[in-house]
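Below: the structure, in structure tokens.
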2 protein chains.
Amino acid sequence: MGENKDILKKNGLKSTKSRKLILEVLEKSKEPMSAQKIFNNVRHQGELDFSTVYRTLSTLTDKSIIIKNIEDNGKAYYQINNHNHSHYLICSECKKRILIDACPLEEMAKNLEKITGFHISGHKLEFIGECPECLKKDKL
Amino acid sequence: MGENKDILKKNGLKSTKSRKLILEVLEKSKEPMSAQKIFNNVRHQGELDFSTVYRTLSTLTDKSIIIKNIEDNGKAYYQINNHNHSHYLICSECKKRILIDACPLEEMAKNLEKITGFHISGHKLEFIGECPECLKKDKL
DNA sequence: CTAGCTGCAAATCCTTTGCAAGAAA
DNA sequence: TTTCTTGCAAAGGATTTGCAGCTAG
């Protein structure tokens with residue numbers, strides 16, 4: 001629990017209420033969260049301003065303590081950066097996410113570097129589909 | 001050139017100035033374009049309202065005549081749907097895009113369906129890096 | 001004490017919508 | 001004619017910013 005203090009210090013950030021609260025909330029959540037949802041969760045215990053939430057998310061993202069992703073609805077979702085490379089299978093109905101642990105792309109990336117002369121720093125991969133539960137519901 | 005008329009008719013859409021203009025602009029462009037950029041291009045020849053541009057893009061997207069993508073800046077980019085599955089290697093500096101024609105994911109998708117029970121309808125894959133030109137510039 | 005954070009209110013950017021007039025089938 | 005599409009102006013939602021007061025180091 002004191003861990004977050006250390007993470008912040010290590011990144012040259014002051015240890016403030018908002019940062020600790022938001023990191024706590026994100027750690028508890030299995031899903032990436034929108035700024036709005038984070039705000040709602042944080043609101044109960046201690047009242048943060050919306051702009052503070054955004055500013056905090058922004059600095060935490062800059063330091064790569066958390067990861068920001070923009071989804072198809074155009075909104076940003078935030079999650080703890082656990083530093084292990086991961087991809088998801090996402091249900092188009094209920095938005096459930098399943099972690100895919102295999103990643104076949106490192107090899108492909110190396111190949112592409114050779115062919116194109118790019119220096120490749122990362123990739124994004126998502127599979128979209130319908131999960132078994134939603135498939136069942138659709139049949140009703 | 002009369003082609004677009006046909007595409008529209010085939011999809012049950014009236015053949016209007018805005019639709020034909022926007023399709024023309026998108027066809028000429030190699031890159032996905034933002035609504036703003038499309039608006040600028042169209043503005044010269046015939047004056048369309050911004051809301052009309054958005055509405056047109058929206059209906060064309062609904063009919064899958066064009067494809068809408070939300071990039072990391074949170075803005076939507078539109079491109080003609082050429083119906084051939086494709087992925088890109090994108091330079092993080094100059095945003096240049098290079099088409100990747102191999103796709104190693106169909107097989108992986110089938111595997112995932114078996115394991116998870118999902119019905120997988122699609123996937124997204126992008127490689128991010130720096131292109132040779134930008135790498136050179138960075139060294140200066 | 002001092003740099004860096006916060007709250008508040010207002011602004012900005014992209015996108016959507018209501019409505020009355022206009023164009024396609 | 002009838003239905004769909006447009007322009008205009010105004011609203012909407014997500015995110016950002018300026019500024020003065022506050023807080024961690």
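By convention in this document, chain letters (A, B, ...) are assigned in the order of the sequence lines, proteins followed by strands, and residues within each chain are numbered from 1.
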(message) Measuring to OP1 and OP2 of D:dT16, would you say a side-chain N or O of A:Y54 lies under 4.0 angstrom away?
(response)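 No, A:Y54 has no side-chain N/O under 4.0 Å of OP1/OP2 on D:dT16.
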
Round to a whole Å and report the spacing from [atom1] of [X] to [atom2] of [N].
X     : N      : atom1 : atom2 : result
B:N11 : D:dT5  : CG    : P     : 12 Å
B:Q36 : C:dC13 : CD    : P     : 10 Å
A:L57 : C:dT6  : CG    : P     : 11 Å
A:R19 : C:dG4  : CZ    : P     : 11 Å
B:I38 : C:dC14 : CD1   : P     : 14 Å
A:I70 : D:dA14 : CD1   : C1'   : 10 Å
B:D62 : D:dC4  : CG    : P     : 15 Å
A:D49 : D:dC22 : CG    : C1'   : 14 Å

(message) I'd like to know if the side chain of B:T56 pairs up with that of B:S18 as donor and acceptor (distance under 3.5 Å, no hydrogens or angles considered).
(response)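 Result is yes, a qualifying pair exists.
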
(message) Any donor-acceptor pair under 3.5 Å linking the side-chain atoms of A:E107 with those of A:N111?
(response)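 On atom types as modelled, these side chains do not qualify, holding no pair under 3.5 Å.
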
(request) Tell me which of A:T56 and B:K68 sits closer to the 5' end of DNA chain C, going by the nucleotide each one is nearest to. (result) A:T56

(message) Holding to ring-ring contact (aromatic ring centres under 6.0 Å, His included), I want the full list of residues that pass it with A:Y88, two or more places apart in sequence or in another chain.
(response)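 A:Y88: no ring-ring contact (aromatic ring centres under 6.0 Å, His included) contacts found.
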
(message) If the condition is ring-ring contact (aromatic ring centres under 6.0 Å, His included), which residues does B:F127 pass it with, not counting sequence neighbours?
(response)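 A:H123.
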
(message) Does A:S18 reach a base, just sugar-phosphate, or nothing at all? Heavy atoms under 4.0 Å.
(response) sugar-phosphate

(request) Look at the side chain of B:S121 and the backbone N and O of A:I128, then say whether any donor-acceptor pair between them is shorter than 3.5 Å. (result) yes

(request) Indicate yes or no for a side-chain donor-acceptor contact from B:S58 to the backbone of B:Y54 under 3.5 Å, with no hydrogens or angles considered. (result) no

(request) Please report the closest heavy-atom contact between B:L8 and B:K14, naming both atoms and the distance. (result)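 Heavy-atom minimum between the residues: CD1-O, 4.2 Å.
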
(message) If you define the side chain from C-beta out and look only at heavy atoms, does anything of B:L125 sit under 4.5 Å from A:L105?
(response)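 Yes; the side chains approach each other to less than 4.5 Å.
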
(request) Using five base pairs at each end, measure the axis-to-axis angle across the helix from C:dC1-D:dG25 to C:dC13-D:dG13 and round it to 10 degrees. (result) 30°

(request) Mind listing the residues from residues 71-80 of chain A sitting with a heavy atom below 4.0 Å of DNA chain D? Number order is fine. (result) A:K75, A:A76

(request) Return the set of residues passing side-chain hydrogen bond (donor to acceptor under 3.5 Å, both in side chains) with B:N11 (not counting sequence neighbours), or none when no residue passes. (result) none

(request) Determine, for nucleotides 18-25 of chain C in 5'-to-3' order, which nucleotides have protein heavy atoms under 4.0 Å from the base (write B), from only the sugar-phosphate (write S), or from neither (write -). (result) BB----BS

(request) State whether B:K37 and B:E31 are salt-bridged, where the test is any N-O pair (Lys NZ or Arg NE/NH1/NH2 against Asp/Glu carboxylate O) under 4.0 Å. (result) no

(message) So, taking the atom named OG1 in B:T16 and the one named CD1 in B:I22, what distance separates them when rounded to the nearest 0.5 Å?
(response) 8.0 Å

